[in-house]
**Q** 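Before I ask anything, let me first share the structure, which is written out below as C-alpha cells.
Please read all numbers here as calculations on a predicted model, not as lab measurements.
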Amino acid sequence: QAAIEYLEDLCNIIASMAAIGPMRTVPPRNFMPSRRIHPQRWYDGLAGWDAAYLASEEQFSEMSKWMFRLQTGYTLHRNIRDASIEKRPAFLPSGAVDTIALRGLEGHLFSPCDLGIGISQVVPVVAAICLTEVGLVYVEQPELHLHPALQVRLGDLFCAHVEPVIGYRGYSDSDERTPYRWGDRLFLLETHIEHLM
C-alpha cells in the first residue's frame, strides 16, 4: 500500500502537468479550440491556444501584457463576434470569441499562421505560465526560433512566476533548515541556450 500510494500521487502529478514539446504546432486559420484543456494537447502547443480562448479577461490581459514585455512586437487580441447577428459557436463555453489574433505595434491584426514561426512557438509557453494553475510545467526548448534578446526576457517570465520562499523547516539553531514554499510552481526547462540560463 505504501508503494502504491506514492505511485498514485506520481501518476496524478504527471497527469496534471503541462509538458510542452520542442516544435509547437502553428494553429491554422480555421482552428477550433477544445472545450476543455487536455493535458495531451500541451505537447504540440495547441492547449496553449485552447487556454487563450478559454481564459478570463484578466488572464488574457496578463498573457497579452507578457507578450508586450517580452518585446515580441505583438500583443494578443480577441476578435469578438456580435452575438446578436449570429448564434454563438457551440464549442466555446462562454462569450463569443471568434479568433485569437496578434496585434502589431502599428495596430494591424495578424493570424498566427501569417507570422514568423518564433511567435507561434512562444505563445503556448506564455499561456502555460500565465493561464494554468498546474504545479509542474515542462518545456523542451522554450527559446526555439527566438532572438537572443527575447530569450533573455523569457527567463524573466519564468522567474516572475515562481513564488518566493515563505519559510524554513527545521530548528533555528540547526544547519538543516530547508526552505519550503506553499503552492509554488516548478518549471523544468530543457535548453542548451546560455541566454535563457
**Q** So does Asp114 pair up with Arg29, basic N to acidic O under 4.0 Å?
**A** yes
**Q** Check whether any side-chain N or O of Arg41 sits under 3.5 Å from a backbone N or O of Ala47 as a donor-acceptor pair, and report yes or no.
**A** no
**Q** If hydrophobic clusters are built from ILVMFWY residues whose side chains come within less than 4.5 Å, do Val123 and Leu105 share one?
**A** no
**Q** Under 3.5 Å, side chain of Thr132 to main-chain N/O of Ala128, donor-acceptor pair present?
**A** yes
**Q** Please report the closest heavy-atom contact between Pro27 and Pro112, naming both atoms and the distance.
**A** CG-CB, 4.0 Å
**Q** Donor-acceptor pair, Asp50 side chain versus Ser34 backbone, under 3.5 Å?
**A** yes
**Q** Hey, does the side chain of His147 reach the backbone of Ala149 with a donor-acceptor pair shorter than 3.5 angstrom?
**A** yes
**Q** Roughly how far, to the nearest 0.5 Å, is CZ of Arg78 from CD1 of Ile100?
**A** 5.5 Å
**Q** With a 4.5 Å heavy-atom cut-off, do Thr75 and Leu102 have their side chains touching?
**A** no
**Q** Same cluster or not: are Trp66 and Leu54 linked, directly or through other Ile, Leu, Val, Met, Phe, Trp or Tyr residues, by side-chain heavy atoms under 4.5 angstrom apart?
**A** yes
**Q** Can you tell me how far the NE2 atom of His145 sits from the CG atom of Leu150, to the nearest 0.5 Å?
**A** 13.5 Å
**Q** Side chains of Glu140 and Ile20, heavy atoms from C-beta outward: is any pair under 4.5 Å?
**A** no
**Q** Does CZ belonging to Phe68 count more than 12 external heavy atoms closer than 6.0 Å?
**A** no
**Q** Do Gln71 and Arg153 make a side-chain contact, defined as non-hydrogen atoms from C-beta onward lying under 4.5 Å apart?
**A** yes
**Q** Drop me the distance from Thr25's OG1 to Leu46's CG, to the nearest 0.5 angstrom.
**A** 4.5 Å
**Q** Are the side chains of Trp49 and Pro124 in contact, using a 4.5 Å heavy-atom criterion?
**A** yes
**Q** Please tell me if the side chains of Phe187 and Val139 come closer than 4.5 Å, counting only heavy atoms from C-beta onward.
**A** no
**Q** Is it the case that one hydrophobic cluster holds both Leu144 and Val152, taking links as side-chain heavy atoms less than 4.5 Å apart, direct or via other members?
**A** no
**Q** Hey, can you tell me if Tyr53 and Phe31 have their rings parallel, tilted or perpendicular (30° and 60° cut-offs)?
**A** tilted
**Q** State, with a plain yes or no, whether a side-chain heavy atom of Tyr74 is found less than 4.5 Å away from one of Arg103.
**A** no
**Q** So if I apply the side chain to side chain contact (heavy atoms under 4.5 Å, CB included) rule between Cys130 and each of Gln59, Lys65, His161, which one comes out positive?
**A** His161
**Q** Is it the case that atom CD1 in Ile4 sees more than 12 heavy atoms from other parts of the structure closer than 6.0 Å?
**A** no
**Q** Would you say Leu154 and Phe158 make side-chain contact, with heavy atoms under 4.5 Å?
**A** yes
**Q** How many angstroms lie between atom CG of Leu131 and atom CD1 of Ile37, to the nearest 0.5 angstrom?
**A** 7.5 Å
**Q** Taking Met63 as the starting point, is it possible to reach Val162 by hopping between hydrophobic residues whose side chains are less than 4.5 Å apart?
**A** yes
**Q** Looking at Ser120 and Val26, would you say the former's side chain and the latter's main chain have a donor-acceptor pair under 3.5 Å?
**A** no
**Q** Check the side chains of Gln141 and Thr191 for a donor-acceptor pair under 3.5 angstrom, ignoring hydrogens and angles.
**A** no
**Q** Let me confirm one number: the CE-CD1 distance from Met67 to Ile119, rounded to the nearest 0.5 Å.
**A** 5.0 Å
**Q** With rounding to the nearest 0.5 angstrom, report the CZ to CD distance, Phe60 to Glu57.
**A** 7.5 Å
**Q** Would you check if the side chain of Arg24 reaches a backbone N or O of Gly45 as a donor-acceptor pair within less than 3.5 Å?
**A** no
**Q** Under a single-linkage definition using a 4.5 Å side-chain heavy-atom cutoff for Ile, Leu, Val, Met, Phe, Trp and Tyr, are Leu70 and Phe110 assigned to the same hydrophobic cluster?
**A** yes
**Q** Could you check if a side-chain atom of Leu109 sits within less than 4.5 angstrom of a side-chain atom of His77, using non-hydrogen atoms only?
**A** yes
